[in-house]
Amino acid sequence: MASPLTKVNSKTHKVYQRRPGIETEIDRAVAQSDEYLAARAQEHDTKSPDYLHSETLVHLHRRAVRMGMPGDVFMIALVSRCEANLKGTIDNRTPQVEELREEILSEFTVALAEDAVQGGDDMDYFECMFNSAFSTLRIDMYNHHVGLLNKTATAPADVEDTVEGDIFAPGSKGMPAKGTWTPPNMEDLVYLREVLAFIKTMPREEQEVLVLCRLQGWTQKRAAEHLGVDVRTIFNRLERADVKLASVKEDAL
Amino acid sequence: MTSNERTPTKLRDAYYELSMSEGLPDPEMLDALIRLYPQYAGELTSFAVDLTVDRLSQDDNVAPEMLPVMGAAASHAISAYHNTIYNLRKRAAADSVAPPAAAALENPFLRLDRAGVRAAALAIGANGTFISKLRDRVIDAATISQGFLKFLADALHIEAEGLWAHLSSDRTVSTEGQHFKADQKPVLGQKQSFEDAVRSSGLTEEQQRRLLSL
């Protein structure tokens with residue numbers, strides 16, 4: 001049986017759990033030979049019975065290193081998947097995009113190494129929901145990257161040239177956690193993407209109120225409390241944002 | 001993750017927790033995290049917005065685990081991995097242990113923006129005025145009970161020792177974003193006792209009773 005995770009959920013105060021399918025996959029994998037597992041780590045076809053989920057690869061890596069064995073085969077499989085993922089989720093028009101992808105991947109591998117050698121529990125999130133955890137790392141580092149670029153922008157003209165469209169929006173095209181979000185229907189999905197692309201071009205303060213009040217369904221009072229402003233400010237921002245959104249809707253008709 | 005110095009470890013941890021739900025970020029989890037880390041209220045709310053947009057704008061055609069590649073970025077990351085493993089093992093094998101660095105004295109309240117102050121006040125059942133007194137060291141630390149100190153440290157998610165070091169330092173006035181009309185610098189008054197500070201902060205009877213009972 002796989003060793004339990006130790007990270008504790010701040011809301012429920014219970015230890016995070018792996019998904020049942022992952023737990024079973026790990027139990028079977030640890031009983032197999034190193035050679036066979038190395039071959040399985042190279043399997044890329046998600047429909048193959050030999051395919052190992054990323055959560056399982058993280059577990060096998062931690063287990064190997066902590067037992068004094070090299071975990072390279074699992075680490076390399078994870079890195080190659082993550083690199084492919086970043087190519088699909090971070091817009092190529094992002095300034096210094098290759099450096100950004102390299103930084104994210106290195107951040108991931110260094111964390112993997114530190115966790116395995118030092119015996120921490122930072123990688124528990126990756127054993128629990130790998131794609132969600134990796135998207136968190138990506139969004140955080142993307143925002144940092146954009147912040148640095150904005151700081152180093154020297155002239156307004158340069159900023160105008162580079163900060164265009166939605167390429168600075170957090171996460172760009174976004175990286176889904178497989179099977180975790182199902183849009184209501186295809187028509188809504190098409191319209192939703194148009195709206196989201198437009199939202200990303202809006203000022204940050206308007207993005208916040210739209211997402212919290214219109215997408216998450218928060219009350220204006222609650223959004224005001226979270227953002228540290230009064231309700232009237234939320235109302236005004238929402239009104240401005242709604243007017244802009246209405247124009248997108250008109251264009252779509 | 002210890003290697004990332006851009007985002008504080010606790011905040012990064014909170015980001016991961018927020019992302020561990022199916023679909024959109026869970027508002028109740030966001031509330032729980034803000035109560036736990038009131039100093040990061042703004043960052044957490046902002047991240048929840050990013051996460052929402054990210055998940056809603058996912059493209060069904062972009063499979064989360066696409067066909068792997070192995071480019072320059074991956075090679076660099078693998079090299080970083082091996083360097084880290086090597087250095088950590090070398091350090092662990094070293095006979096000598098470096099003495100721990102002295103903890104820097106810092107004001108834990110300076111990180112709080114307006115939303116953070118509000119969240120901190122909510123977490124301890126007080127108000128912004130009382131938080132300001134703690135921030136500006138208006139309260140005589142010798143009159144603060146150990147119970148309140150621990151309660152406050154837990155609410156702010158910081159070490160009680162660091163908090164005590166802050167509270168027992170000389171009084172200051174936070175001038176960030178403030179303007180004084182007087183010709184002379186503001187003069188600091190006497191420190192208040194903990195009880196006086198509680199009584200004179202506009203707290204309700206119930207709030208006063210609770211804070212004084214700790």
Requested in this report: Could you label the plane-to-plane angle of the A:Phe108 and A:Phe134 rings as parallel, tilted or perpendicular, counting under 30° as parallel and over 60° as perpendicular?
Outcome: perpendicular
Query raised in the report: Hey, what's the ring geometry for B:Tyr40 with B:Tyr37, parallel, tilted or perpendicular (30° and 60° as the breaks)?
Result: tilted
Query raised in the report: Could you go step by step and tell me if A:Arg19 and A:Glu55 meet the salt bridge (charged side-chain N to carboxylate O under 4.0 Å, His left out) rule?
Result: CA-CA 9 Å; A:Arg19 286 178 285 151; A:Glu55 290 89 345; 2.5 Å; yes
Among [options], residue most engaged with chain B (heavy-atom pairs, under 4.5 Å):
| options | result |
| --- | --- |
| A:Ala224, A:Ser106, A:Cys128, A:Gly120 | A:Ser106 |
| A:Glu225, A:Glu208, A:Glu103 | A:Glu208 |
| A:Lys7, A:His144, A:Arg101 | A:His144 |

Query raised in the report: Under 4.0 Å between a Lys/Arg side-chain N and an Asp/Glu carboxylate O for A:Glu43 and A:Arg40?
Result: no
Query raised in the report: Do A:Asp124 and A:Arg62 meet the salt-bridge criterion of a basic N to acidic O distance under 4.0 Å?
Result: yes
Query raised in the report: With respect to chain A, which residue among B:Asp31, B:Leu44, B:Val117 yields the maximal number of heavy-atom pairs within a distance under 4.5 Å?
Result: B:Asp31
Query raised in the report: What residue in B:Leu88, B:Thr84, B:Asn87 has the most heavy-atom pairs under 4.5 Å with chain A?
Result: B:Leu88
Contact class of [X] relative to chain B, heavy atoms under 4.5 angstrom:
| X | result |
| --- | --- |
| A:Val209 | neither |
| A:Asp115 | neither |
| A:Leu227 | both |

Residue [X] versus chain A: region with a heavy atom under 4.5 Å:
| X | answer |
| --- | --- |
| B:Ala14 | neither |
| B:Leu36 | side chain |
| B:Leu33 | side chain |
| B:Ala32 | side chain |
| B:Asn83 | neither |
| B:Ser75 | neither |

Query - Donor-acceptor contact below 3.5 Å, side chain B:Thr52 vs main chain B:Ala48 - result: yes
Query raised in the report: Does B:Ser201 reach the main-chain N or O of B:Ala197 with its side chain, forming a donor-acceptor pair under 3.5 Å?
Result: yes
Query raised in the report: Is the distance between the ring centroids of B:His166 and B:Phe109 under 6.0 Å?
Result: yes
Requested in this report: State yes or no: are the ring centers of B:Tyr16 and A:Phe126 separated by less than 6.0 Å?
Outcome: yes
